[in-house]
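Below, chains carry the letters A, B, ... as their sequence lines are ordered, and counting in each starts from 1. Remember, predicted model here, so these are calculated numbers, not experimental data.
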2 protein chains.
Amino acid sequence: MVNSKIKTKIKTKITTGNRPSAEARILLAARHVFMTKGMSGARMQDIADEAGINKALLHYYFKNKERLFDVIFRDASSVFFPKITGIIESTDTLEKKLEKFCCAYIDMMLQNPFLPLFVLTEANKRPAEFRKKFWRTREQVFQKFAEEISTEAEKKKELNINPAHLFLNMISMCIFPFIAKPIWQMSTGMNDKEFREFIDERKKIIPQLIIASLKKKCL
Amino acid sequence: MVNSKIKTKIKTKITTGNRPSAEARILLAARHVFMTKGMSGARMQDIADEAGINKALLHYYFKNKERLFDVIFRDASSVFFPKITGIIESTDTLEKKLEKFCCAYIDMMLQNPFLPLFVLTEANKRPAEFRKKFWRTREQVFQKFAEEISTEAEKKKELNINPAHLFLNMISMCIFPFIAKPIWQMSTGMNDKEFREFIDERKKIIPQLIIASLKKKCL
DNA sequence: CTTTGTATTAACCATCTGGTTAAACTATAT
DNA sequence: ATATAGTTTAACCAGATGGTTAATACAAAG
């Protein structure tokens with residue numbers, strides 16, 4: 001019955017052999033189970049099994065299911081909501097920035113295929129909690145980029161579209177294919193390799209389309 | 001202990017007063033609860049409460065949770081996957097068809113805000129079952145429209161983009177905003193009325209953008 | 001070797017949850 | 001009226017699930 005508040009600060013465990021520590025294994029297993037099954041679908045026993053430990057040890061390291069979920073979800077959203085300040089503040093052209101943004105975003109999702117649906121589901125199912133727990137520091141992330149698009153495009157007298165629409169169009173085309181992957185594959189018959197190549201093409205196609213939509217003469 | 005197989009064929013219940021029948025109330029409640037909480041998050045008791053009946057009556061009308069879910073989900077997907085044959089076979093121009101498609105799709109989602117996430121979540125969480133149970137008859141729905149775009153665009157020698165990308169772009173921009181609604185509202189500060197107006201604008205903006213992407217000179 | 005504090009486990013518990021049972025109710029037809 | 005067949009309910013059950021407890025293994029420090 002140690003005081004868990006003290007324990008969690010200490011974290012003295014050394015990885016015996018080359019196997020990751022129990023805590024690390026729990027986090028890994030929890031991420032996998034939560035991402036694939038969702039909060040309500042995930043079973044603590046499944047996480048324990050996958051981490052190769054006793055269920056009680058879960059509650060030793062993480063007070064309860066909600067806390068464990070929060071850790072995973074906070075980490076997931078920090079990945080999902082991209083650090084775009086770097087891209088914004090670069091000296092690249094707007095075109096280049098858009099391309100970089102899409103590319104970075106798509107690559108991130110290729111590495112975390114279940115992440116978009118995971119984050120979006122939680123934001124929909126428990127919006128109040130989502131806002132309170134996970135939105136605080138990220139409030140202006142998207143807005144900044146939208147403003148950047150707006151100002152830079154106005155500078156060139158080419159603005160043809162509400163930057164809000166432009167931005168939403170862009171992230172829609174980037175993110176949605178990952179959420180719709182199974183249905184899309186059923187519809188088209190694409191296998192995983194073909195889907196992967198198809199997605200790679202979109203890294204160029206999406207910025208092209210977005211840039212074109214900026215130019216008045218096109219519409 | 002009546003034979004439920006016979007019972008379900010008969011359906012003689014008359015709506016006493018003007019209150020909907022218990023079965024109808026169950027379906028209504030089930031749709032609401034399943035759509036907002038998902039399969040694993042939904043509780044049979046919640047559905048019973050919301051329908052104003054005893055939990056046992058749920059199992060009287062619908063053998064078990066899975067069966068009830070299937071009824072709701074099958075109905076939901078029949079709405080989600082649009083009947084586009086009518087639009088395809090019309091004599092409208094491609095432009096008009098695209099516009100009609102987006103408009104119809106967006107209107108449907110305005111009336112069923114939780115539907116997209118509901119269907120897409122299920123397709124992701126249990127792809128095998130989704131395919132087996134709900135995909136059978138709808139296999140070529142999307143493909144047909146994609147082919148339509150391809151052939152008609154080639155006819156005009158304007159084809160500039162893989163029709164698969166074009167189609168995916170279109171449905172991404174139509175559907176994604178509804179899935180991302182809570183996050184989008186947090187980011188932009190839009191209230192529900194503003195969001196509704198914003199979405200209305202997209203009924204024109206999306207087809208415009210898609211049509212522009214067809215024209216070679218624009219890219 | 002013993003002490004001490006952490007890591008880990010088996011067994012347990014309370015509650016939740018999907019599902020069942022048998023009895024009671026209601027309307028309709030004879 | 002009463003027989004019949006569908007409808008609705010209260011009470012119940014078994015298993016799943018999140019969470020707890022108390023005892024044990026283990027490693028480092030004295």
*Given atom CG of B:Leu68 and atom C1' of C:dG19, what is their separation to the nearest angstrom?*
13 Å
*Going by an N to O cut-off under 4.0 Å, is there a salt bridge joining A:Arg31 and A:Asp75?*
yes
*Given atom CG of A:Asn54 and atom P of D:dT21, what is their separation to the nearest angstrom?*
15 Å
*Is B:Ile53 touching bases, backbone alone, or none of the nucleic acid, heavy atoms closer than 4.0 Å?*
sugar-phosphate
Please tabulate the protein-to-nucleotide N/O contacts below 3.5 Å involving nucleotides 16-18 of chain C, giving atom names and distances.
from, atom 1, to, atom 2, distance (Å)
C:dT17, OP1, B:Arg43, NE, 2.9
C:dG18, OP1, B:Ala42, O, 3.3
C:dG18, OP1, B:Arg43, NH1, 3.0
C:dG18, OP1, B:Lys65, NZ, 3.2
C:dG18, OP2, B:Met44, N, 3.0
C:dG18, N7, B:Lys55, NZ, 2.9

*Taking only residues two or more places apart in sequence or in another chain, which ones pass ring-ring contact (aromatic ring centres under 6.0 Å, His included) with B:His165?*
A:Phe198
*Measure from CD on A:Glu66 to P on D:dT17 and round the result to the nearest Å.*
19 Å
*Looking at C:dA10, D:dT8, C:dA7, which one has an atom nearest to any side-chain atom of B:Leu57?*
D:dT8
*asked:* From CZ of B:Phe62 over to C1' of D:dT7, roughly how many Å is that when rounded to an integer?
replied: 14 Å
*Would you mind reading off the distance between A:Arg19 atom CZ and C:dA7 atom P, rounded to a whole angstrom?*
16 Å
*Tell me, please, which residues at least two apart from A:Phe176 pass ring-ring contact (aromatic ring centres under 6.0 Å, His included).*
none
_Side-chain N or O of A:Tyr60 versus OP1/OP2 of D:dG19: is the shortest distance under 4.0 Å?_
no
*Sequence neighbours excluded, which residues qualify as salt bridge (charged side-chain N to carboxylate O under 4.0 Å, His left out) partners of B:Arg196?*
B:Asp200
*Applying side chain to side chain donor-acceptor pair (under 3.5 Å), name anything that partners A:Glu147, two or more places apart in sequence or on another chain.*
none
*Please name all residues satisfying ring-ring contact (aromatic ring centres under 6.0 Å, His included) with B:Phe101, sequence neighbours left out, ordered by chain then number.*
B:Tyr105, B:Phe145
